[in-house]
Amino acid sequence: IDAVREFFERNNANIHRGIYPLAEKATAKIEEVRGKVAKFINASDVSEIVFTHGTTEALNLLASSYGSQFSQKKGVLLTEMEHHSNLIPWQHYAELRNSPVEFLTVGGDGVLDGRIIDSDGNEAFNTMNMYSVISFAHVSNVLGAITTPKSLFEKNQKIDTKAAVIVDAAQSVPHMPVDVKSLQADYITFSGHKMLSPAGVGILWGKQNLLNKVEPLLYGSQMIVDVSLGSAVFQKPPYLFESGTLPLEGIVGLGAAIDYLSDIGMDKIREHEIRLISYAIERLKKVDGITIYGPLDPSLRSGVISFNLRGIHPHDIAQVLGSKNICVRAGHHCAMPLHKKLGIPASVRISFGIYNDEEDIEAVIEGLQSVSDLFH
Ligand code: PLP
């Protein structure tokens with residue numbers, strides 16, 4: 001909040017346009033954040049960091065570029081547990097190009113089981129060179145399950161990595177150390193608002209040699225070096241993808257959030273969350289009539305825990321908990337296909353941040369007891 005206020009009070013001007021000192025100061029502030037993001041995820045170069053309005057936009061940017069090159073033979077491999085933001089853009093472009101969209105399936109333990117199905121649910125026996133893109137969530141926003149390219153490739157021996165590997169890291173970057181070099185992805189995407197920054201700002205990271213071949217999603221504004229009436233010559237990444245005015249104060253807020261998280265240490269944050277996950281799962285398991293979705297082993301999951309209570313609608317649970325000032329999500333969490341697979345219309349989801357502790361979990365458990373008393 002202080003960083004955002006300071007930006008408005010002292011540095012507020014549009015960037016990469018004006019040559020007056022205030023505009024230069026604003027530009028420097030934003031570019032400083034680009035450097036912080038690069039360091040935070042261990043990118044090789046600041047030019048690999050693209051500011052977007054969030055994960056959804058970043059995934060749409062990649063889908064529009066890769067999707068325009070899909071063919072009847074080559075499409076995309078996703079998983080059954082994707083957020084709609086990592087499903088619908090691919091469906092859209094695949095439909096335009098009549099290309100396959102296929103899915104790694106989730107087993108009963110809430111992690112990928114290595115099978116692949118088509119969108120009708122039929123087993124697909126494709127070889128991996130059928131895909132120009134493999135895109136999946138690093139952490140499922142419903143199951144909490146952690147998937148890495150390595151674990152995915154081990155699960156499915158058929159996979160070779162010639163496809164571009166995109167990792168939707170919206171649920172991982174805020175909660176655990178993410179190092180793009182050891183992750184072995186080609187691109188990752190994430191959003192500021194899940195990591196204590198203002199909403200409306202997100203990041204696309206891509207390997208430089210690949211980003212250089214990505215087509216922009218938005219055209220116009222500052223993404224050019226020369227324009228004539230008939231054509232334009234474009235800038236290189238990242239500016240190629242940053243057309244229009246960016247959410248400047250949000251980016252500055254993201255920089256402050258990164259400083260804050262880095263000061264604590266992402267390792268410590270993960271440790272804290274693992275402790276809470278273990279505690280919560282042990283306590284939740286004892287609640288009468290509960291079904292917990294996703295892996296129960298804390299080392300395989302992050303701190304989003306979805307569940308249902310037998311015979312009680314998730315919205316009722318969320319409403320009762322809400323009346324006790326316990327804020328939980330209830331619904332399909334933008335992952336309808338996964339809920340359909342689980343055979344449920346909705347689930348309740350608790351999630352942790354560094355600000356939570358065991359007392360919060362006890363409050364949830366007590367709250368669930370009141371829900372049971374009320375509805376049974
Ligand atoms: N992917 C995952 C795994 C998410 O949890 C979310 C947000 O809930 C998104 C994508 C979309 O993020 P945003 O709304 O910031 O674009």
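Fair warning: this is a prediction, and the values are worked out from it, not measured in the lab. Start at 1 and go down the list; that is how both ligands and their atoms are numbered.
The ring pair (Phe, Tyr, Trp, His ring centres under 6.0 Å) pairs that include a residue from residues 176-212 are Y66-Y187, where partners are two or more places apart or lie in different chains.
Residues satisfying the ring pair (Phe, Tyr, Trp, His ring centres under 6.0 Å) test with H272, not counting sequence neighbours, are none.
From R329, atom CZ reaches atom SG of C334 across 6.5 Å, with rounding to the nearest 0.5 Å.
Of the listed residues (E31, E24, E242), just one forms a side-chain hydrogen bond (donor to acceptor under 3.5 Å, both in side chains) with H16, and that residue is E31.
Under a 4.0 Å N-O distance rule, the pair R270/D267 does not qualify as a salt bridge.
Chaining together hydrophobic side chains whose heavy atoms lie under 4.5 Å apart places L22 alongside Y20.
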Ligand 1 N/O to protein N/O, distances under 3.5 Å:
| residue | atom | partner | partner atom | Å |
| --- | --- | --- | --- | --- |
| ligand 1 | 1 (N) | D168 | OD1 | 3.3 |
| ligand 1 | 1 (N) | D168 | OD2 | 2.5 |
| ligand 1 | 5 (O) | Q171 | NE2 | 2.8 |
| ligand 1 | 8 (O) | H83 | NE2 | 3.3 |
| ligand 1 | 8 (O) | K194 | NZ | 2.8 |
| ligand 1 | 15 (O) | S191 | OG | 2.6 |
| ligand 1 | 15 (O) | H193 | NE2 | 2.8 |
| ligand 1 | 16 (O) | T55 | N | 3.4 |
| ligand 1 | 16 (O) | T56 | N | 2.8 |
| ligand 1 | 16 (O) | T56 | OG1 | 2.5 |

